[in-house]
Asker: 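Mind having a look at this structure? Questions to follow.
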Amino acid sequence: DWRTLERRTLEHPKVVAVIEAAGDGRQSTSALKRRAREICQELCTNMQNRLFKPTYTVVQMMFRRLWDGIIFERKQLEELTELCQRAHEEGKSVVFLPSHKSHVDYLVLQTVIYRLGLGTPAIAAGDNLNMPLAGTFLRGSGAFFIRRTFKGPEHNLYSAIVSAYMELMAQHGVNLKFFPEGGRSRSGKLLQPKLGMLGMLLDPILSGAVEDAYLVPVSVYYDRVMETRTYVTELLGAQKQKESLRGVVEQARHLMKMPRSRYGNIHVRVAPFFSAKAYIAQHALLQRRSGTRAGFDPWTNPSDRAVLLKALAYFVLEEINRVASVTPTAIVGTALLCSVGRGMSRTDLIRSVEWLRKEVVRSGGHMSRFFDFPGELTAEVVDSALSVLGGLVEARTAGVVEPVYCIAPDRHFEMSYYRNMCCHVFIHQSIIAAVLHRFFHHRPDQSEVKREDLMHDVRFLSRLLKYEFVFSGAAGRPREPVPGQENAPQAAGGDRSDWGDMQLTNSALQQNFDAALELMVSQGVIAITGEDKSTIIVDPQGKAPVPGAPRAWNPHSTFLCSFVWPVIESYWLVLAALQFIFERRSVNRLGMGQPAVLGEPAMLLARLQAFARTLTELGHVNHREAASEEALRKALQTYNEMGIVQWVQVDALGAPRRSALQLGEPYLGSNGLEELSSLVEEIGSYRPCGLRVRDGMEDYPRHIAELAFGASAKL
């Protein structure tokens, strides 16, 4: 009875306590109760079984028209069915935690669950989807609407209501579904986790208000994501269009006019479920045995609870990555993006795709659709992928001896979405390859590097890019189980006690490093020599042969670097711009301790993006996706946490206090700008060389930076 659940939410001790504490004369208790009822009406679902069948019929019609099908493993669905039956008998919730790449995600898993006859979950949806008519329909189909941010004057009341509602649903064994990333990924990679919803689920289990819940990470990947073009325009600075009923109707009309099966397949893979209670017990035991947290107690200690919550969130994302399907379109898109020529002949493309398929499997990834297919069928898979990618790829057949395929003009950024969908398979090798590229392109007279020197730079680059990728906690290696709980999930992430800033611990990083080196040795990319295996050998020109690889993919390290070079360029762009801003201030003899940029962070971000896009068009930056708003924002956030810059509030004459950017304290000394310049040079040394080395091109024209950040720039 959903209405009863809504009433009980208002009567929950958390909500009552907030109302009583806030009723201090400024706002009466009765007014607060009335406001609490309004919030509950905005929030709560009103799931109605009578809506399921017509909803399923409409969704099935849409799926049949736009997709070839939903691909899943029968064994995984059988295990999921057994879990839901078991949870129902025990009165516990099954919590589905899927990846989030499209609005279609709301429908995919819901359709599969309904088709299997399992308990339909209540879905956490953004309040932007609570539109007239459509919101009512979604609410009746199981959606409950959460605000994008809990900040504001009603923070305490709203948080208490949502937390109480989540607790009551878990107590009643209601199946739940929410996205651990929070929002849709606009880059193709998994986003960093949002901890709010997961924390609201974890809290009542820690307090004993809820006995337990079963967590199920789910990977949902698409041959083609229908929103990618919109994602690119948003990442390049366009304002996100607000959802509206009119927009939904127009989009539905547009979809119905599309050719049948335009978007290929949807690939759903379910990771092994695990008990939240068992995970808590296991993680606590491992922390206590680590030697640094002998008194680890997430049940009573808030800081320990935060460590547990973050470890759990990353474990869920690691599990999603571990089972995620690498789609045919991701393979073909990656092959085309890594081509060094203007295009690829059909023969080279098929050979490259077959080679890359083997590399994915060798590196522990999961291929979809043609995982077990013999090589002679690769051509059919390539043709199918090219058909799905549609206008992203141009096929040139006139006047050539065989078809030549190339990425359509101005579509490289959009194609990078599909390359990023398989970056989790290669990321640890990619970081090492980028470091090796730096060594052997900047020290051409050397052909080897010491293992500890390589590890030093890998550690630096991994922590610099901590917000860009979800790194494995310990390269998939098993942990010691809790006695009596051998079948419980392995608490991935190693000792994450110092992950307050989401950085890799030394132990986890070392395990990732060692495992990636072993893979690269097995691929013939590098060799490890010496009695203590302390020396890494690569051909001085980086041309280590790769058996079966096409010529265009030699060296192999260039392919691996392609996954990290775009974001490295983004991070260099931001720091180079900051260096220019503060050096210009020094030349003008202004105090370095004073703010250099006045204005909101969004204004600086817009200028950074204009600067990045200009350098991309001029050829000073190799990758168009380096101008992504998301990457530039994360870079600015990283430099803020590193203490290089900081945002402060300053007084303005006759005006409200304003945001301002200034150098961090470690860089305010007499050598501060020199240290900043050294850091810019160090990060820039990881970039692809290209024209900068061949033609001696400068990093960027000074007048472009002056236009972006000088006196004429409206910051």
Asker: My understanding is that only one of I39, V15, L43, L10 makes a side-chain contact (heavy atoms from CB on, under 4.5 Å) with Y165; could you say which?
Answerer: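 Passing option: L43.
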Asker: With rounding to the nearest 0.5 angstrom, report the CZ to CD distance, F274 to E319.
Answerer: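 With rounding to 0.5 Å, CZ (F274) is 7.0 Å from CD (E319).
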Asker: Does a salt bridge link D297 with R305, judged by any charged N lying under 4.0 Å from a carboxylate O?
Answerer: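 Answer for the salt bridge query: no.
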Asker: Could you tell me if T638 and K466 have a donor-acceptor pair between their side chains, going purely by distance under 3.5 Å?
Answerer: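 Side chains of K466 and T638: no pair found under 3.5 Å.
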Asker: Could you please spell out the steps behind the side chain to side chain donor-acceptor pair (under 3.5 Å) verdict for S93 and N175?
Answerer: CA-CA 5 Å; S93 296; N175 290 347; 5.3 Å; no
Asker: Decide, yes or no, whether a salt bridge links R322 with E318 under the criterion of side-chain N to carboxylate O below 4.0 Å.
Answerer: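 Here R322 does not pair with E318 in a salt bridge, since their nearest N and O are not under 4.0 Å apart.
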Asker: Got a donor-acceptor contact below 3.5 angstrom from the K189 side chain to the N420 backbone?
Answerer: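 Between the backbone of N420 and the side chain of K189 there is no qualifying donor-acceptor contact (under 3.5 Å).
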Asker: Just so I know, are the side chains of Y467 and E630 near enough to count as touching, which here means a heavy-atom distance under 4.5 Å?
Answerer: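 The answer is no, as the side chains (C-beta and beyond) never meet within the 4.5 Å cut-off.
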Asker: Just checking Y214 against F96, ring centres under 6.0 Å apart?
Answerer: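 For Y214 and F96, the ring centres are not under 6.0 Å apart.
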Asker: Could E181 and K101 be called an ion pair, given the rule that one side-chain N must be under 4.0 Å from one carboxylate O?
Answerer: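 Salt bridge between E181 and K101, a charged N being under 4.0 Å from a carboxylate O: no.
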Asker: Taking K177 first and then D105, would you say they form a salt bridge - that is, a charged N and a carboxylate O separated by under 4.0 Å?
Answerer: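 Answer for the salt bridge query: no.
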Asker: Are the side chains of Q511 and D514 in touch, meaning some heavy atoms are under 4.5 Å apart?
Answerer: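 Heavy-atom side-chain distance check fails, nothing below 4.5 Å.
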Asker: Do V564 and Y686 have side chains that get closer than 4.5 Å, going by heavy atoms?
Answerer: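 No, their side chains stay 4.5 Å or more apart.
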Asker: Determine, using ring centers only, whether F563 and H428 are less than 6.0 Å apart.
Answerer: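 No, the ring centres sit 6.0 Å or more apart.
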Asker: Please tell me if the side chains of R463 and M642 come closer than 4.5 Å, counting only heavy atoms from C-beta onward.
Answerer: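 The answer is no; the side chains never approach within 4.5 Å.
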